[in-house]
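This report concerns only the one structure given below.
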Number of protein chains: 2
Amino acid sequence: MTDTRNNLDTRERILDVAERLFMAAGYEATSMRMITGEAEVNLAAINYHFGSKEALLREVFRRRLAWLNSERLVILDELEAQAGAAALKPSQVLEAFFGTLLRMGEDPALGGMVFLRLLGRTLTDPADFIRTFFAGEYAEVIARYKRALFRSLPDVPKEEIIWRFHFMLGSMSYALAGTDMLQIVAGCEPNEASATNAEAARRLAARVMPFLLGGLRAPLPQFVDAVAQRDEAAGDAPARTVLTA
Amino acid sequence: MTDTRNNLDTRERILDVAERLFMAAGYEATSMRMITGEAEVNLAAINYHFGSKEALLREVFRRRLAWLNSERLVILDELEAQAGAAALKPSQVLEAFFGTLLRMGEDPALGGMVFLRLLGRTLTDPADFIRTFFAGEYAEVIARYKRALFRSLPDVPKEEIIWRFHFMLGSMSYALAGTDMLQIVAGCEPNEASATNAEAARRLAARVMPFLLGGLRAPLPQFVDAVAQRDEAAGDAPARTVLTA
DNA sequence: GTCTATATGTGGATAGAC
DNA sequence: GTCTATCCACATATAGAC
């Protein structure tokens, strides 16, 4: 805990730099020498403090996910306690799950947008040790929120809810990853999504939460044809029409 | 074009193996020796035929994306010709864009699910040469479909459509990537989504297209509060309610 | 076009002094 | 806990014979 160099622990400094470099270049393309160089620590320090490069990546995620997923459980507990015997609304469940995540982007102490982008980019990494790690970190919170969604949508087949939970995870993950695709879609502007500050997190939240809720509550597959016919009559209008109902 | 080994060109065999290995392990974690080993070609063959490992990756994608994105443009041309002066429905635009993609998963000659998974996993890769490559490959088709969506949703702010197009790309990309998250969400079954056959592509399409359309047509952000109130009265019911309207 | 042999660099990890 | 020095496996790429 004593600092021989500056106000930050060597161990913490390694984690901070690793988080940023893994985000910017990916795990495989980031060498331990790049990390120790930027962190201004000795090459051997990573193995001393973490044991291996793989263990370093796990620790980078563990310190953030431990907070995130325990916070998610606490919030869900609170919501369910308030609701008593009643089921939560889907929008409440989504707000608890994804809102908690997005709030990390506004707080640099929780990793900020750097961590959110890293998370989005790493969730699709095919490396076995990464998939295994995430499976363990997410198992409990996913199970709890899945049950909450089941209760909140009692008339929707559970299998459908499972798929849509997965699709929501995907939308969010990709949006956080912050590829250049948004800029390609948008045109040429150096877009807000590639920003890494707190304001970007808020803007993203405002845009993505309605999208997720719309997807979750979309017509069920077996009804899609019927809905298409209705939409044809209505001009396949945007959901603004809900206000006129 | 002459085969000294079997019925497949050396060049094509390299591309096929590279596609599969890049999918399974990622670009950085796949060595040229792994590729030439499985393809049973000489190590130097990659550099002879493609010039470099980076160029090999680009060619793996180019042979698939050239077909995909030109097909997308042809289909959009046909739809717009049929529609005449009328705007397309959003569902038609989505079907043309994402349906064409998903149909590749059913045809091994177009890469099948192996290519779709590779695409989903690579779209979030941070490597500069990959982002630059995708930007070029997608620019035209994205611009065309973006305009089609603008026309199909004239009352929705263009900025909102841009964001939702991006979110849809993300949902699809992540779903194709086929991480273990679906299995985590689902429970423990060796799930259908991790299958790589044509049937998996059809099942995914049936699940994801309604989700995308629901997200695209979700209430606009400024109306979310009002919709939440309506949903509260209606019990935040699933979209099955559209049938009763 | 294909192959062998090799150039040249970098990777993660560790032994052992301090 | 930190540092130097080093081990050794493996990477991409190429030169040049056939």
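Not measured: the values here are computed from a predicted model. Sequence lines set the chain letters: A, B, ... in the order given, protein chains first and strands last, and positions in each chain run from 1.
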### Message
Restricting to ring pair (Phe, Tyr, Trp, His ring centres under 6.0 Å), what partner residues turn up for A:Y145, sequence neighbours left out?
### Response
A:F97
### Task
Taking side-chain contact (heavy atoms from CB on, under 4.5 Å) as the test, write out the residues that go with A:A148, two or more places apart.
A:L76, A:E80, A:V93
### Summary
The ring pair (Phe, Tyr, Trp, His ring centres under 6.0 Å) partners of B:F115 (sequence neighbours excluded) come to B:F61
List the atom pairs, donor and acceptor, that lie under 3.5 Å between side-chain atoms in residues 43-58 of chain B and the rest of the protein, sequence neighbours left out.
{"from": "B:S52", "atom 1": "OG", "to": "B:A55", "atom 2": "N", "distance (Å)": "3.1"}
{"from": "B:K53", "atom 1": "NZ", "to": "B:Y27", "atom 2": "O", "distance (Å)": "3.0"}
{"from": "B:K53", "atom 1": "NZ", "to": "B:T30", "atom 2": "O", "distance (Å)": "2.7"}

### Message
Test: side chain to side chain donor-acceptor pair (under 3.5 Å). Region: residues 121-135 of chain B. Which pairs qualify, not counting sequence neighbours?
### Response
A:T124-B:T124, A:D180-B:R131
### Query
Using a cut-off of 4.0 Å between protein heavy atoms and nucleotide atoms, how would you tag nucleotides 11-18 of chain C 5' to 3' with B, S and -?
BBBB----
### Query
OP1 or OP2 of D:dG1 less than 4.0 angstrom from a side-chain nitrogen or oxygen of A:T10, does that happen here?
no
### Query
For A:E40 and D:dC3, what is the distance between atoms CD and C1' respectively, to the nearest whole Å?
15 Å
